[in-house]
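Only one structure is covered here, and it is reproduced in the block below.
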Amino acid sequence: MTAVSGAIRFILNGEAISLTDVPPDLTLLDWLRLERRLRGSKEGCAEGDCGACTVLVGRLMDDEIIYDSVTACIRFVGSLHGTHVVTIEHLRGENGNLHPVQQAMVDHHGSQCGFCTPGFVMSLYGLWMRNPDPSQAAIEKALQGNLCRCTGYAPIIRAAQAMSSYGLPQGDPLLAERIALKAQIKALNDGSRVEIGEGENRIIVPASLDDFAAVYESNPEATIVAGSTDVGLWVTKFMRRIGPVIFIGHLQELKRIAENASEIRFYAGVSYSEAMPTLTAAFPAMAELWDRIAGEQVRNMGTIGGNIANGSPIGDTPPPFIALGAKLHLRRGEHRREIKLEDYFLAYGKQDRQPGEFVESVTIPLLPAGERFAVYKLSKRREEDISALCGAFRVFINDAGVVGMARIAFGGMAATPKRAKAVEAALVGQPWTLESVEAAMSAFATDYQPISDMRASADYRLLSAQNLLKRFFLESTGQGQRLRREVA
């Protein structure tokens, strides 16, 4: 029988915290600022976009504490059980001086109004711990989720390039503290289920994957929260009540990645950041898309399973996964079933998922030799923006130069992620030529009747889908010219 605890327990900076009365929708940022009076973390957007609220959250992984930069404005306190939260107030250098990252920001004039500065410092602190001498590209990637309206970013980048000259991670006063905290965090992760509150104020933190399956089967009305990158906005933007809540972001069994000679299986709790090395090694064409999914803080929080499970028509992962022929593994209690990913999406806001059933994993077949694959994302901003549309293309061209197979899938073109079956049919059996591609482009109007909204007009979406097919053809035949911004 699973032991049950009645408190959310974690470490805040250097202090042990135990909370027995936590609303399910209480964000870490509100708790820090209003309850703890730690006001270095700022609320700029309340949707995980601007990075002014960035903190680090340390979690136990393979007997080490791994620190992720996260946005506190959409991270819930109930999800922090068994973690170490580090805020800007905890940073310090040796002998009472500023921390090397802070001193570099001062000396290189990386702050003007100062509102965003704590968030930048915490993102750079996380980068400095992993890589004290990063390239400009690595710096820019680490800061994708931090916005500044004053400095133009150049002084901040110069500070990041210089921060190792002020000190290295081996001399960080917090390093010894983290070593000592490992035992405490291990003790917090004692295999117990956490349950606090009642009714809509109930929080459940399952002890294991099997415990989660049993709890959710018994409480199918509960909201599942993994990374909270969507559910956080339900609270901060739409004022929705989300309780009771089952928090699952800590479950190591849902963070597995299994590979063999023919496929990769990602369990639902694998974050975008955790998935990236494996995914982009297997599918290099996914690398550019993956770098454009939100900012680093959201990639550290958001999960593969969450992006699929919520059924959004503009989710970035379903189009390429559908084009690759992915299979979805669903679980309810002890019962498991497998379906094609494309069959999971039934209609807007409706998925093939029964009460008490959850996405456990997704399996993606590796690309057979000789097949061509690409994925493209269009958005108003290049970085850290939601897709206006996302298209994935996969074809096999036989030795005679004829299309033997085509799979094309789009997000943002319909009420669900959806294949372009009329376009596929128009291509199969035809020579892989510009004439055949242009002839097939009109079939997009059969497959999709997109809407106009704040991100794009219907006409733009339809024309863009057609042009992306042509772009795929040109690139696959060595005729395309990619527009890239080179970073020294």
Side-chain angles (χ1 to χ4, degrees), residues 24-30 41 43-57 59 67-80 83 85 119 122-123 126 141-147 223-240 242 245-251 254-255 266-276 279 289-318 321 349 351 358-359 362 377 379 381 383-387 390 411-412 417 455:
D25 57 0
L26 177 64
T27 66
L28 174 56
L29 181 62
D30 280 351
S41 305
E43 180 176 305
C45 67
E47 57 187 36
D49 278 346
C50 76
C53 65
T54 299
V55 300
L56 299 187
V57 174
R59 54 192 170 85
Y67 287 88
D68 295 320
S69 58
V70 306
T71 44
C73 66
I74 55 172
R75 181 73 182 253
F76 296 112
V77 173
S79 72
L80 297 173
T83 66
V85 178
M122 293 307 293
S123 290
K141 185 174 179 179
L143 297 179
Q144 274 179 313
N146 293 82
L147 304 182
T223 302
I224 300 173
V225 176
S228 70
T229 56
D230 275 323
V231 179
L233 272 67
W234 298 358
V235 171
T236 62
K237 295 301 180 183
F238 303 110
M239 310 303 171
R240 283 174 54 178
I242 60 171
V245 170
I246 303 174
F247 289 104
I248 64 168
H250 64 293
L251 294 176
L254 286 179
K255 288 190 169 292
F266 292 99
Y267 282 78
V270 175
S271 71
Y272 299 121
S273 296
E274 292 164 336
M276 186 173 189
L279 191 75
L289 170 71
W290 224 249
D291 274 344
R292 293 179 60 197
I293 295 177
E296 183 156 296
Q297 296 93 322
V298 170
R299 289 196 295 268
N300 289 339
M301 294 167 62
T303 63
I304 299 289
N307 195 246
I308 292 170
N310 67 20
S312 170
I314 51 175
D316 284 324
T317 64
F321 289 179
Q351 298 86 45
F358 63 93
V359 173
V362 60
K377 171 175 176 168
S379 55
R381 292 194 313 265
E383 310 293 347
E384 204 193 3
D385 200 3
I386 295 173
S387 292
C390 179
R455 295 185 180 91

How long is the span from the [atom1] atom in [X] to the [atom2] atom in [Y], to the nearest 0.5 Å?
X	Y	atom1	atom2	result
E383	L147	CD	CG	11.5 Å
C45	I74	SG	CD1	7.5 Å
T83	L56	OG1	CG	11.5 Å
D68	S271	CG	OG	6.5 Å
F266	E274	CZ	CD	10.5 Å

Side chain to side chain, [X] and [Y], heavy atoms closer than 4.5 Å:
X	Y	result
V70	T54	no
L279	F321	yes
V225	I246	no
V55	L28	yes

*Trace of the side chain to side chain contact (heavy atoms under 4.5 Å, CB included) decision for E43 with D30*: CA-CA 9 Å; E43 180 176 305; D30 280 351; 4.2 Å; yes
[Y] backbone acceptor or donor facing [X] side chain under 3.5 Å:
X	Y	result
K377	R292	yes
N307	T317	yes
S379	I386	no

*So K255 and R59, side chain to side chain contact (heavy atoms under 4.5 Å, CB included) or not? Walk me through it.*
CA-CA 12 Å; K255 288 190 169 292; R59 54 192 170 85; 4.2 Å; yes
Could you tell me which residues satisfy side-chain hydrogen bond (donor to acceptor under 3.5 Å, both in side chains) with [X], sequence neighbours excluded, listed by chain and number?
X	value
D25	none
S273	N300
T229	none

*Begin from the C-alpha positions of I224 and I248 and carry the test side chain to side chain contact (heavy atoms under 4.5 Å, CB included) through to its verdict.*
CA-CA 7 Å; I224 300 173; I248 64 168; 3.5 Å; yes
Is there a donor-acceptor contact under 3.5 Å linking the side chains of [X] and [Y]?
X	Y	result
R455	S387	no
R75	S79	yes
Q297	N146	yes

[X] versus [Y], closest heavy-atom pair with distance:
X	Y	answer
T223	I242	OG1-O, 2.8 Å
R299	W290	CD-O, 3.5 Å
L289	C390	CD1-SG, 4.2 Å
C73	G48	SG-N, 3.3 Å
I304	A275	CD1-CB, 4.0 Å
T303	G306	OG1-N, 3.0 Å

*Derivation of the side chain to side chain contact (heavy atoms under 4.5 Å, CB included) call for L26 and F76*: CA-CA 6 Å; L26 177 64; F76 296 112; 6.0 Å; no
*With the threshold set at 4.0 Å, does a side-chain nitrogen-carboxylate oxygen contact exist between E296 and K141?*
no
